[in-house]
Amino acid sequence: MKEVRTRFAPSPTGYMHIGNLRTALYTYLIAKHHGGKFILRIEDTDQERYVEGAVDVIYKTLKLVGLEHDEGPDIGGEYGPYVQSERKEIYRKYAEKLVELGGAYYCFCSKERLDALREEAQKKKETFKYDGHCKSLTKEEVKAKLEAGEPYVIRQRIPETGTTTFHDEVYGTITVENSSLDEGVLLKSDGMPTYNFANVVDDSLMKITHVVRGSEYLSSTPKYNLLYEAFGWEIPTYIHLPLILREDGGKLSKRHGDASFEDLYNQGYLPEAIINYIALLGWSPGTEEEFFTLEELVEKFDIKGLNKSPAIFDINKLRWMNGEYIRRKTLEEFHELALPYYQEVITNPDVDLLKLSKLLHTRTEVLDDIYELIDFIAELPDYDVQLYVHKKMKTTLENSKENLIKAYDVLTNLDEWQDEAIHDAIFKLIKDLGIKTGQMMWPIRTALSGKQSSPGGATELLSLLGKEESLKRIKIGIEKLSDKLS
RNA sequence: GGCCCCUUGGUCAAGUGGUUAAGACACCGCCCUUUCACGGCGGCGACAGGGGUUCGACUCCCCUAGGGGUCACCA
């Protein structure tokens, strides 16, 4: 069997949404599973959509998630160049050859004429199809127009009758009427090819064996087949992927502000978690496992597990999975990830950051959660005293105040500010007073955090904030309660 | 609208003629517990509808409905 070669061919829009990323992933997996090559090609034939720095976004993303390509613009390869705008002459040559072969023809129709045609079709509620106006131009007429310097495009010639059939690995065999196919532009008047032409030429020239792309290309695939046939080229194996949809069922797009890989990454989603999650959107290993490294995916990936129906991107599950990835890291690894967040907001030098990481490790699903988790450490929020009242803890404004005062005394006299010592001192106090644990712990925790919930209980927070800050906050709590009660 | 594709719980998703129709997320409850989280246990919840085929359909066929894609000198 010949070497499997797949390609990921994004257009540089500066935005890689997760649908694109998943296509890249599957494309990579298919190649690597068979020990083949994964090629990166930049499809920048639309000069108007050129975005500065967009190619770098692609490199950066692929690198972050570990999808290393074997050939591409940055590393070269046997079949370069790998940027379509640099292959302009190649397309022209093949377009002209296709005209000779009878698979295409020159078209000199103006934009105005085309627009009028389109408008007319719309009025009659018909699908627009080029009317073949220039199809019957004689060789001489074409030559004359060309020599006169008239702008032109090259269009694909499609049989008026018959059907075209292609086979897709996931969708099966699909047949369409040739009469339903539009004779689209292959070579634009600026000399650049359209995607429809460039992808076929490049895939063939670059010896791509498996064409992997989103199912939005399913409806134009018959035209590509006709092109391959006209050139006498071998038709690749098609693998169309089901789309990933937004929560509301629409297609993912930049316009709708759908999260790109970059957005997710910046919010603190881990690349490996993102990859793992999207691998499972549209594909199933057929087992109950759901945690996979890239290497494992390479090993387990099988086209047979691909789904036909579109999948909705569920940020909720990604969140959970990301949290799972975080929890599976060692404390030290997590600490390293969290440190930059701490440094952004925490100025109190008494705070033991490693201890903080211990508390946040199981409470962080996405790194950005850390901000909200630690905000109270930097500054005690201006909380409502009603926070002290907790039914289950059996606390009231009155007993909270009393217990806080008692705790303040005990803690003030505590010299050894260590977890165990703090814990023992408070529990001794609770025992001496004969009250319920929560009646002491809840007020302390509340005074320390000023929040309904906090990462860690009273003991942890006392230890974390340090003696000085802790006493300060308890005092504030006592004052707040006194004010309210007076 | 034409053409193409899709249809198992809110979401992902196993299932390929005979199953109590898995599992995961979310949600709910309980346990653990000094809040929250983690963890443990349990619960809710689905084969879009209608016709066939068959001894028997989630599984095969047809129709309807719903959803999606595509109809550019964008990819």
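Chain naming here is simple, since letters A, B, ... match the order of the sequence lines and numbering starts at 1 in each. Small disclaimer: the values here were computed from a predicted structure and weren't measured.
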I'd like to know if [X] pairs up with [Y] as an ion pair, taking the criterion as any Lys NZ or Arg NE/NH1/NH2 lying under 4.0 Å from an Asp or Glu carboxylate oxygen.
| X | Y | result |
| --- | --- | --- |
| A/K428 | A/D424 | no |
| A/E272 | A/K329 | yes |
| A/K355 | A/D419 | yes |

B/S/- contact track for nucleotides 70-75 of chain B, protein heavy atom under 4.0 Å: SBSBBB
Nucleotides 29-38 of chain B: protein proximity per nucleotide (B base, S sugar-phosphate only, - neither; heavy atom, under 4.0 Å): ----BBBBBS
Pairing partner of [N] (Watson-Crick or G-U wobble, both distances under 3.5 Å):
| N | result |
| --- | --- |
| B/A14 | none |
| B/C3 | B/G69 |
| B/A75 | none |

Return a table of donor-acceptor pairs under 3.5 angstrom between the side chains of residues 309-316 of chain A and protein atoms on other chains or two or more places apart.
residue, atom, partner, partner atom, Å
A/S309, OG, A/N307, ND2, 3.0
A/D314, OD1, A/N316, N, 3.1

Ring-face cation of A/K145 near A/F108 (centre distance under 6.0 Å, axis angle within 45°): yes
With A/D369 via side-chain contact (heavy atoms from CB on, under 4.5 Å) - residues at least two apart: A/R319, A/T364, A/E365, A/V366, A/L373
With sequence neighbours excluded, residues passing side-chain contact (heavy atoms from CB on, under 4.5 Å) with A/S284: none
Check: A/K317 side chain, B/A26 base, donor-acceptor under 3.5 Å: no
A/Y325: partners by ring pair (Phe, Tyr, Trp, His ring centres under 6.0 Å), with sequence neighbours left out: A/F291
Separation of B/C25 C1' from A/E289 CD (nearest whole Å): 18 Å
d(CZ, A/R246; C1', B/G10) in whole Å: 18 Å
Atom P, compared across B/A37 and B/C44: separation rounded to whole Å: 23 Å
